[in-house]
Protein chains: 2
Amino acid sequence: MPERSPSRGRPKTLDRDQVLQTALMQYWSKGPNEVAIGEICTLTGASKPGVYREFGSDDGLKLAALDAYSHLVIRPFFEVLEHDRSFGDAQTALIDFTTQDRAAIGIPNGCLHVAMRAQRDKLGVMTREKVDLLRQEGLDNYAVWIEQAKSRGEFRMDIPTDIVALYFDAQNGGAMRMQTEGVPNDVIAKVMRLALMAIQ
Amino acid sequence: MPERSPSRGRPKTLDRDQVLQTALMQYWSKGPNEVAIGEICTLTGASKPGVYREFGSDDGLKLAALDAYSHLVIRPFFEVLEHDRSFGDAQTALIDFTTQDRAAIGIPNGCLHVAMRAQRDKLGVMTREKVDLLRQEGLDNYAVWIEQAKSRGEFRMDIPTDIVALYFDAQNGGAMRMQTEGVPNDVIAKVMRLALMAIQ
DNA sequence: CAAATTACGTACCCTTAGTTACGAAATTAG
DNA sequence: CTAATTTCGTAACTAAGGGTACGTAATTTG
């Protein structure tokens, strides 16, 4: 998989990682369908054929960006749930994670995955499949967490786990949409606390 | 405003209402940026210049469609809240309205306004302004309803009204997104009941 | 150095989709 | 009937953007 470089031929100058990072940030901050490949080329100094050689297609670049995003954001997000803490503490941690001051860390508002879900039909097949996969994995992650809380007696048993999982997914989506629309993080945090308060 | 027809000149044959209805249904079911004007022309038999004479631009057509949508769906939606009933009954009515069987009535799943909010940056200025206006009006409508419930003693006073309004807006957005993603209406209803349960 | 190999990037191609120029058609006023 | 008026719709134009043909450059091997 590392695709090691061949021993001869002209050495590669295209900086794959720089292109990928730039694409990710652009898609994330502007939306996956607001950024043309040519724009990414301009920003990175890469040539279009170079980008195409590296990523294959627009779909391939978006897939790579979404994949990077899943490692950078989605995985850490769900890891918040896995630490051995109470259901309530984990919820608080979730809110903190979601509503942290992004400008201070230098990352865009909103969620690339949520944005892609809203634009699903505009995406290529590879990216679309990844979007669907991440959605399902997210629901599964919530489900495991909720089941655990149930088994520990930290959460009521009378609501089906899959319903609660969809509920959490919806709250997260709502928070991300608010953030994209410019609602301040402290307000979003209040709304989220309200959403979680209800469940106890 | 009725723009009465002039006494002479070639009589108009373009069916404004048919074009508008078609555009609305197409935008609603496929998404506002998945439908080209040429497609609407094909579906209605209208010519492109005819449509441009009537609506001015792509932005104008989308604005007209969103306006029609607001009368057809958004207004009735908020009228559900205005009937003189208890806070709890109104919430139930909201859920029923949102999760009714749309295929039976012949209307698409999801919400055009929610979809446009997610694609805000891709819209023309007029449509975008209307989207923002409808969002604000929606929040205001929720706020009035919540204040009323508070004054009647039907809802707790310890949560700021604007936070609750954002909460309801988020729940509705989440429901519409689930519907778009294919979650069955009865499941959506369960999630919504969970969301409202929490607030009591 | 010549051949083979690999990557580079300019300058295109092609499709989609918003938009319009313009001449023809239909109708009424005089 | 002629002029004025209004709308019609074919056949473009144009810009954006995904994608690539192809000649060139940079390396290693022998």
Side-chain angles (χ1 to χ4, degrees), chain A residues 2-20 22-23 26-27 30-66 116 119 121-128, chain B residues 2-20 22-23 26-27 30-66 116 119 121-128:
Chain A
E3 190 108 1
R4 76 180 183 291
S5 56
S7 61
R8 48 183 206 171
R10 181 172 175 166
K12 174 179 292 192
T13 56
L14 180 131
D15 187 337
R16 184 185 209 275
D17 204 58
Q18 190 206 3
V19 172
L20 186 53
T22 302
Q26 290 289 312
Y27 292 147
K30 299 183 181 173
N33 289 308
E34 323 289 319
V35 186
I37 288 197
E39 202 173 329
I40 293 164
C41 292
T42 304
L43 287 169
T44 56
S47 69
K48 277 171 81 172
V51 172
Y52 275 85
R53 271 189 296 272
E54 192 65 32
F55 297 96
S57 64
D58 185 75
D59 193 19
L61 178 56
K62 289 201 173 106
L63 172 63
L66 177 56
M116 284 184 166
Q119 317 241 23
D121 294 346
K122 278 279 204 203
L123 301 171
V125 283
M126 294 190 301
T127 309
R128 185 157 58 222
Chain B
E3 190 112 358
R4 76 181 183 290
S5 56
S7 61
R8 46 183 208 171
R10 180 172 176 167
K12 176 180 289 192
T13 56
L14 180 132
D15 189 338
R16 183 184 209 277
D17 204 60
Q18 189 206 3
V19 172
L20 187 52
T22 301
Q26 290 290 311
Y27 292 147
K30 298 182 182 172
N33 288 308
E34 322 291 317
V35 185
I37 287 196
E39 202 172 331
I40 292 165
C41 292
T42 304
L43 287 170
T44 57
S47 70
K48 280 169 86 169
V51 172
Y52 275 84
R53 271 188 297 272
E54 192 64 33
F55 297 96
S57 65
D58 186 72
D59 192 18
L61 179 56
K62 289 200 173 109
L63 172 63
L66 178 55
M116 283 184 167
Q119 318 240 17
D121 293 346
K122 277 280 204 199
L123 300 171
V125 282
M126 295 189 300
T127 309
R128 185 158 58 221

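Heavy-atom basis, side chains included; hydrogens, waters and symmetry copies ignored. Since the model is a prediction, treat every value here as computed from it, not as a measurement.
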**Q** If you apply the rule side-chain contact (heavy atoms from CB on, under 4.5 Å), what do you find for B/Y27 with B/L66, and how did you get there?
**A** CA-CA 9 Å; B/Y27 292 147; B/L66 178 55; over 6 Å; no

**Q** Rounding to a whole Å, what distance do you find between B/Q26:CD and C/dA17:P?
**A** 13 Å

**Q** Would you kindly give the CG-to-P distance between B/L61 and C/dA17, to the nearest whole Å?
**A** 15 Å

**Q** For A/M116 and A/L123, work out which heavy atoms get closest and say how close.
**A** O-CD1, 3.7 Å

**Q** Could you grab the distance from atom CG of B/L14 to atom SG of B/C41, nearest 0.5 Å is fine?
**A** 8.5 Å

**Q** Give the rounded distance in Å between these two atoms: CD of B/E54 and C1' of C/dT19.
**A** 17 Å

**Q** Tell me the closest heavy-atom pair linking A/L20 and A/A65, and the distance in Å.
**A** CD1-N, 3.6 Å

**Q** Applying side-chain contact (heavy atoms from CB on, under 4.5 Å), run through B/V19 and B/E54 and close with a yes or a no.
**A** CA-CA 10 Å; B/V19 172; B/E54 192 64 33; over 6 Å; no

**Q** Of all the heavy-atom pairs spanning A/E34 and A/E39, show the shortest one and how long it is.
**A** O-OE1, 4.0 Å

**Q** What is the bend of the helix from C/dC1-D/dG30 to C/dG30-D/dC1 when you compare the axis at one end with the axis at the other, using five pairs each and rounding to 10°?
**A** 20°

**Q** Roughly how far, to the nearest 0.5 Å, is the OG1 atom of A/T44 from the CD atom of A/Q26?
**A** 10.0 Å

**Q** Could you pull out the closest heavy-atom pair between B/K30 and A/D121, with the gap in Å?
**A** O-OD2, 4.3 Å

**Q** If you take all heavy atoms of A/D59 and A/M126, which pair is closest and at what distance?
**A** OD2-N, 2.9 Å

**Q** Can you give me the N/O atom pairs linking the protein to nucleotides 6-9 of chain D at distances under 3.5 Å, or say none if there are none?
**A**
| unit_1 | atom_1 | unit_2 | atom_2 | d |
| --- | --- | --- | --- | --- |
| D/dT6 | O2 | B/R10 | N | 2.8 |
| D/dT7 | O4' | B/R10 | O | 3.3 |
| D/dC8 | OP1 | B/T13 | N | 2.8 |
| D/dC8 | OP1 | B/T13 | OG1 | 3.2 |
| D/dC8 | OP1 | B/L14 | N | 2.9 |
| D/dC8 | OP2 | B/R53 | NE | 3.4 |
| D/dC8 | O4' | B/R10 | NE | 3.3 |
| D/dC8 | O4' | B/R10 | NH1 | 3.3 |
| D/dC8 | O4' | B/R10 | NH2 | 3.4 |
| D/dG9 | N7 | B/R53 | NH2 | 3.2 |
| D/dG9 | O6 | B/R53 | NH1 | 3.3 |

**Q** Tell me the interatomic distance from B/D58, atom CG, to D/dA15, atom P, rounded to whole angstroms.
**A** 18 Å

**Q** In whole Å, what is the span from the OH atom of A/Y52 to the C1' atom of D/dC22?
**A** 18 Å

**Q** Would you say the side chain of A/I40 lies within less than 4.5 Å of the side chain of A/V35, judging by non-hydrogen atoms?
**A** yes

**Q** Looking at D/dG19, does its base get a donor-acceptor pair with the side chain of A/K48 below 3.5 Å?
**A** yes

**Q** If you look at every heavy atom in A/K62 and A/P32, which pair is closest and at what distance?
**A** CE-O, 2.8 Å

**Q** Could you state the atom-to-atom distance from CZ of A/R16 to C1' of C/dC8 in whole Å?
**A** 18 Å

**Q** Heavy-atom contacts under 4.0 Å between residues 30-42 of chain B and DNA chain C, which residues?
**A** B/A36, B/I37

